[in-house]
Each structure stands twice: as structure tokens, then as C-alpha cells.
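Structure first, commentary second.
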Amino acid sequence: MVAHLRRAKPWLEVVRGDAAELCGLLERAGVTRADAVVSTLPWSLFPGALQARVLGQVGRVLTPAGAFTTVAYLTGLPLPGARAFRRRLRAAFEEVLVTGPVWRNIPPGLAYVCRRPVAGGPLVSA
Ligand SMILES: C[S@@+](CC[C@H](N)C(=O)[O-])C[C@H]1O[C@@H](n2cnc3c(N)ncnc32)[C@H](O)[C@@H]1O
């Protein structure tokens with residue numbers, strides 16, 4: 001995907017790395033804050049500590065008026081990892097809007113739009 005994006009969108013600055021190191025990756029790219037973070041990470045497959053770690057990094061880089069948007073497949077919503085992720089989102093942000101479902105996506109999904117990170121980030125055990 002990185003190779004494809006670099007070829008197809010030469011104007012785009014593509015950084016390859018682990019989302020758990022988001023702050024460091026952005027810092028090395030000369031970015032300290034972001035107005036928007038958009039993610040399609042497979043959250044429900046992540047262990048709880050990794051969910052919390054990445055959400056903490058997102059909260060640290062977002063500007064006060066910034067938004068974090070991510071997606072979930074409807075079929076995965078009952079999974080324990082997906083339910084834990086929703087709890088972590090609500091612990092990590094003052095506002096979590098759920099949009100959708102988007103039936104035309106394959107598989108159908110929804111989007112979480114999150115604003116105003118709570119200071120200190122999500123609890124690992126949430
Ligand atoms: C559902 S795919 C989405 C791919 C692409 N963003 C899209 O929307 O078509 C999930 C992607 O998350 C990437 N991924 C998984 N864990 C990651 C992590 N810790 N840091 C960065 N990317 C990760 C996988 O390599 C995979 O490409």
C-alpha cells in the first residue's frame with residue numbers, strides 16, 4: 001500500500017510505521033499536532049493495551065478542535081475486542097458520534113467520530 005500510494009499520489013507524504021508510535025512518527029515528519037486523524041486499523045483484533053496505547057497517541061496529537069474518525073464493520077461489533085474498543089473510545093473522548101450504518105460498504109460498517117480527548121487518555125483496563 002505504501003508503494004502504491006507513493007507511486008499513485010506523489011504529492012502525498014507517506015510515513016510507514018507503527019500506529020503505537022504515532023507521536024514519534026509525526027514528530028520526525030515535522031508535525032506536532034493534527035486537526036484530523038483518520039484510521040481503519042483493525043481495532044477489534046488489537047489487545048487492550050495496544051488499543052489504549054494508540055488511542056492515547058491520537059489524543060496527544062489532536063488539536064483542541066480536532067477530530068478522530070475510525071470505522072468498524074457491523075459483523076464485528078459483538079466481538080469482545082470491538083466492545084472493549086467502544087468502551088475505550090468513550091473513556092478517551094468527551095464526544096463519540098456514531099454515524100451509519102453504511103450499507104453500501106462491503107462489509108457494511110459504521111464510523112466513530114470522536115472529539116475532545118480526555119486528559120490522560122484511556123485506561124488500559126477499561
Ligand atoms: C483493514 S486494513 C485497512 C487498510 C487501508 N487503510 C484501507 O483502508 O484500505 C488494516 C491495516 O492496518 C494495518 N495495521 C495493523 N496494525 C497496525 C499498526 N500497529 N500500525 C500501523 N498499521 C497497522 C495493517 O497492516 C492493515 O494494512
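Index from 1, following the sequence.
- With hydrophobic clusters built from ILVMFWY side chains whose heavy atoms lie under 4.5 angstrom apart, Val71 does not share a cluster with Leu89.
- Using cut-offs of 30° and 60° on the angle between ring planes, the pair Phe93 and Phe68 is parallel.
- Connectivity analysis of hydrophobic side chains (ILVMFWY, heavy atoms under 4.5 Å, direct or indirect) links Leu5 to Met1, Val2, Trp11, Leu12, Val14.
- Across all their heavy atoms, Ser39 and Thr70 have their closest contact at O-OG1, 2.9 Å.
- A pairwise comparison of heavy atoms in Ala82 and Ser44 identifies N-CB, 3.5 Å as the closest pair.
- What you find for Val37 and Ala34 is that their closest heavy atoms are CG2-CB, 4.3 Å.
- Val98 and Leu79 end up in different hydrophobic clusters when Ile, Leu, Val, Met, Phe, Trp and Tyr side chains are linked at under 4.5 Å.
- Remark: Leu45 engages Pro42 in a side-chain contact (heavy atoms from CB on, under 4.5 Å) (not counting sequence neighbours).
- Looking only at distances, no side-chain donor or acceptor of Glu95 sits under 3.5 Å from a matching main-chain atom of Arg115.
- Leu62 contributes atom CG, which lies 9.0 Å from atom SG of Cys114 (distance to the nearest 0.5 angstrom).
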Please determine whether side chain to side chain contact (heavy atoms under 4.5 Å, CB included) holds for the pair Leu110 and Thr99, giving the CA-CA distance in whole Å, both sets of side-chain angles, and the decisive distance to 0.1 Å.
CA-CA 6 Å; Leu110 50 76; Thr99 70; 5.8 Å; no
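- Remark: Val31 engages Leu26 in a side-chain contact (heavy atoms from CB on, under 4.5 Å) (not counting sequence neighbours).
- A side chain to side chain donor-acceptor pair (under 3.5 Å) check over residues 15-36, counting only residues at least two apart or in different chains, returns the pairs Glu21-Arg53, Asp35-Thr63.
- Transitive grouping of hydrophobic side chains (ILVMFWY, heavy atoms separated by less than 4.5 Å) keeps Val113 and Val54 in distinct clusters.
- Note on Trp103: it does not cluster hydrophobically with Tyr73, by side-chain heavy-atom contacts below 4.5 Å among ILVMFWY residues.
- Hydrophobic cluster of Val38: no remaining members, since no ILVMFWY side chain lies below 4.5 Å from it.
- Classification of the Tyr112-Phe85 ring pair by plane angle, with boundaries at 30° and 60°, yields perpendicular.
- Here the straight-line distance linking atom CH2 of Trp43 with atom CD of Gln51 works out to 7.5 Å at 0.5 Å rounding.
- Cluster annotation: Leu97 is not connected to Leu55 through the hydrophobic network of ILVMFWY side chains, with a link wherever side-chain heavy atoms come within less than 4.5 Å.
- Taking each heavy atom of Arg83 and Pro78 in turn, the nearest pair found is CD-O, 3.3 Å.
- Applying the side-chain contact (heavy atoms from CB on, under 4.5 Å) rule to Glu94 yields the partners Arg116, Val118; only residues at least two apart in sequence or on another chain are considered.
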